[in-house]
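In what follows, a single structure is set out as structure tokens and then discussed.
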Amino acid sequence: MSIKVSGLTKIYDTQRAVDNISFELKKGDIVGFLGPNGAGKSTTMKIITTYLPATSGAVEVCGFDVHEQQMEVRRRVGYLPEANPLYYDMYVREYLEFTAGIHELGKKTRARIEEMVEMTGLAKEVHKKISALSKGYKQRVGLAQAMLHDPEVLILDEPTSGLDPNQIIEIRDLITSIGKEKTVLLSTHIMQEVQAMCSRVIIINNGKIVANDSINNLKQSAGKESLEDVFRSLTN
């Protein structure tokens with residue numbers, strides 16, 4: 001399995017942000033991770049990507065434990081958090097070169113940067129400072145850095161945030177293409193995005209998983225015509 005989550009719990013003081021959840025993703029899966037604000041989505045993603053320790057439970061990424069083997073996990077994960085952490089005083093290419101250095105890409109650096117610039121549509125912006133970019137292009141830079149080291153697993157928290165309709169379609173197509181060879185777990189509030197990209201959805205509410213199935217199966221079992229209706233029925 002690319003991602004294996006077993007009995008995962010995260011407690012902040014008296015708040016149980018994630019409550020004994022389990023799920024698995026295999027190579028080629030594009031899974032939508034849905035839930036209302038504060039449901040536990042971002043906390044779960046931060047634990048999977050080693051940015052936050054769990055209170056209890058276990059998580060493995062490509063067979064490596066996120067607590068005991070953090071560096072091995074980080075080599076295999078590309079992460080775009082909801083708050084895109086960019087260095088605004090850097091130029092786009094400079095930032096990607098900096099990221100390539102962190103991942104020790106060496107002789108592959110130039111080729112990977114050119115590939116990511118082309119793939120994310122940054123060619124016209126690559127010589128600008130990140131601070132001068134629109135929010136949509138900043139999001140593209142975030143996607144480029146997440147994919148730069150060719151990770152096996154992508155964790156994307158609101159990846160189309162701030163993009164215009166044309167950019168959303170382009171990024172959606174990009175994620176769909178990437179998902180053929182990798183494992184993608186993405187969080188979004190846009191149900192159309194989920195239906196367009198995802199083979200399966202996991203819905204979390206109040207820290208607990210309340211659904212984990214294909215969109216069609218969820219609609220049939222809930223007797224609903226749309227994913228939005230299923231979501232509302234499970235999270236209200």
Side-chain angles (χ1 to χ4, degrees), residues 2-3 25-34 41-42 45 48-49 61-62 74-86 90-93 95-100 102-103 105 108-128 130 133-202 214-215 227:
S2 295
I3 299 175
L25 276 69
K26 63 181 186 300
K27 183 177 179 180
D29 280 346
I30 303 179
V31 176
F33 196 34
L34 311 180
K41 302 186 302 297
S42 292
M45 289 179 156
I48 294 171
T49 53
V61 176
C62 301
R74 291 176 185 180
R75 289 187 181 98
R76 289 160 177 82
V77 171
Y79 179 38
L80 176 63
E82 184 177 6
N84 192 354
L86 301 173
M90 281 187 168
Y91 293 90
V92 173
R93 185 179 295 280
Y95 174 69
L96 294 177
E97 288 172 348
F98 170 74
T99 304
I102 291 173
H103 290 295
L105 296 189
K108 298 179 181 178
T109 295
R110 179 185 290 273
R112 284 299 296 171
I113 288 175
E114 294 308 319
E115 186 177 351
M116 290 303 101
V117 165
E118 178 68 24
M119 186 178 290
T120 56
L122 283 168
K124 294 181 180 179
E125 312 294 322
V126 75
H127 300 296
K128 291 184 180 180
I130 293 174
L133 301 179
S134 68
K135 184 176 181 180
Y137 276 106
K138 287 173 182 171
Q139 198 71 357
R140 289 173 183 238
V141 175
L143 281 167
Q145 69 80 23
M147 297 185 294
L148 188 62
H149 58 299
D150 197 21
E152 297 170 50
V153 174
L154 275 175
I155 308 291
L156 308 175
D157 200 349
E158 302 288 345
T160 58
S161 174
L163 303 183
D164 65 36
N166 288 333
Q167 291 172 332
I168 287 174
I169 293 171
E170 291 170 2
I171 296 301
R172 179 194 300 168
D173 290 344
L174 172 60
I175 293 171
T176 301
S177 175
I178 291 168
K180 294 176 182 177
E181 299 296 330
K182 302 183 184 299
T183 304
V184 181
L185 180 67
L186 67 94
S187 171
T188 180
H189 288 98
I190 305 171
M191 296 300 165
Q192 294 91 334
E193 294 294 291
V194 178
Q195 295 186 100
M197 291 187 286
C198 298
S199 55
R200 189 170 103 239
V201 296
I202 297 170
S214 69
I215 295 172
L227 181 59

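Since this is a predicted model, take the numbers as computed values, not measurements.
Under a 3.5 Å cut-off, the side chain of Gln139 and the backbone N or O of Pro159 do form a donor-acceptor pair. Looking at Thr176, its side chain does come within 3.5 Å of a backbone N or O of Arg172 through a donor-acceptor pair. A donor-acceptor pair under 3.5 Å is absent between the side-chain atoms of Asp157 and the main chain of Met45, judged by distance alone. Within the 3.5 Å criterion, the main-chain N or O of Ile30 finds a donor-acceptor partner in the side chain of Ser199. Within the 3.5 Å criterion, the main-chain N or O of Gly142 finds a donor-acceptor partner in the side chain of Gln145. Judged by distance alone, the side chain of Arg112 and the main-chain N or O of Leu148 form a donor-acceptor pair under 3.5 Å.
Around the CD atom of Gln195, the shell of radius 6.0 Å holds more than 12 heavy atoms that belong to other residues, nucleotides or ligands.
Distance check, rounded to the nearest 0.5 Å: CG of Leu133 to CD of Glu125 gives 6.0 Å. Interatomic distance, CD1 of Ile155 versus CG of Leu25, reported as 7.5 Å (0.5 Å rounding).
Looking at residues two or more places apart in sequence or on another chain, you find a ring pair (Phe, Tyr, Trp, His ring centres under 6.0 Å) between Tyr79 and Tyr51.
Residues Lys27 and Glu152 are not paired through a salt bridge, judged by the lack of any N-O separation under 4.0 Å between the basic side chain and the carboxylate. Between Arg200 and Asp29, at least one side-chain N (NZ, or NE/NH1/NH2) sits under 4.0 Å from a carboxylate O, which counts as a salt bridge.
None of Arg76, Lys182, His103 except one satisfies the side chain to side chain donor-acceptor pair (under 3.5 Å) rule with Asp150; the exception is Lys182. Under the side-chain contact (heavy atoms from CB on, under 4.5 Å) test applied with Leu105, the options His149, Arg110, Glu97 reduce to a single match, His149.
At least one side-chain heavy atom of Phe98 sits under 4.5 Å from a side-chain heavy atom of Ile102.
For the ring-ring contact (aromatic ring centres under 6.0 Å, His included) condition, no pair includes a residue of residues 165-184, sequence neighbours left out.
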